[in-house]
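All remarks here apply to the structure that follows.
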Amino acid sequence: MMESVLLIVILIAVFLLTQWGTMWRGKQACVAIIKDLDEKRAYTSDSAVSLSYAQKKGMFHIGARDYKPQALQFLMHKEIVYATDDGRFYLD
């Protein structure tokens, strides 16, 4: 009985740690995008820039997970980053 309770506690802890890690990586990606656009001085639609990580990777992409595409969508949803009609991005 005690082993079952301990196993459940460990599983909950692992779940919470993975959720925290995902949230932290997403936040770091948001900060990196904002810093990237700020360094390129992309503040208006005229000064908008292309972002290589804005393109979706193929279904069979091999490598570490890239959080920047999802973070870019989040920043656009929160109206912090805007996109031009030709696929370039700038800060509000």
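The model shown is predicted, which means the values in this text are computed figures rather than measured ones.
For the atom pair CD1 (Ile33) and CD (Gln73), the distance works out to 9.5 Å, reported to the nearest 0.5 Å. A distance of 10.5 Å separates CG of Asp36 from CG of Leu72, quoted to the nearest 0.5 Å. Atom NZ of residue Lys40 and atom OG of residue Ser50 lie 8.0 Å apart, to the nearest 0.5 angstrom. Rounded to the nearest 0.5 angstrom, Ile80 CD1 and Leu37 CG are separated by 11.5 Å. Within the model, atoms NZ of Lys35 and CD of Gln28 stand 10.5 Å from one another, a figure rounded to the nearest 0.5 Å.
Here the closest non-hydrogen pair linking Gln70 and Asp66 is OE1-O, 3.1 Å. The two residues Ala42 and Ala48 come nearest to each other via the heavy atoms CB-CA, 4.2 Å.
Val31 and Trp24 fall into different hydrophobic clusters, where Ile, Leu, Val, Met, Phe, Trp and Tyr are joined by side-chain heavy atoms under 4.5 Å apart, directly or via other members. Under the 4.5 Å side-chain heavy-atom criterion for Ile, Leu, Val, Met, Phe, Trp and Tyr, Tyr53 and Leu75 are members of the same hydrophobic cluster. Under the 4.5 Å side-chain heavy-atom criterion for grouping Ile, Leu, Val, Met, Phe, Trp and Tyr, Ile34 is connected to Phe89 within one hydrophobic cluster. A continuous path of ILVMFWY side-chain contacts below 4.5 Å connects Val14 to Leu6, so both sit in one hydrophobic cluster. In terms of hydrophobic clustering, with Ile, Leu, Val, Met, Phe, Trp and Tyr side chains grouped at heavy-atom distances under 4.5 Å, Ile8 and Leu16 are assigned to a common cluster.
Looking at Thr22 and Tyr67, their side chains come closer than 4.5 Å, going by heavy atoms from C-beta outward. Using a 4.5 Å heavy-atom threshold, the side chains of Val49 and Arg88 count as separate.
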### Task
Could you go through the side-chain contact (heavy atoms from CB on, under 4.5 Å) check for Tyr90 and Thr84 one step at a time?
CA-CA 8 Å; Tyr90 63 97; Thr84 62; 3.9 Å; yes
| Please walk me through it: do Phe74 and Cys30 pass side-chain contact (heavy atoms from CB on, under 4.5 Å)? | CA-CA 8 Å; Phe74 174 77; Cys30 287; 3.9 Å; yes
Determine whether Asp38 and Tyr43 satisfy the following criterion, side-chain contact (heavy atoms from CB on, under 4.5 Å), listing intermediate values before the conclusion.
CA-CA 8 Å; Asp38 189 42; Tyr43 301 121; 2.2 Å; yes
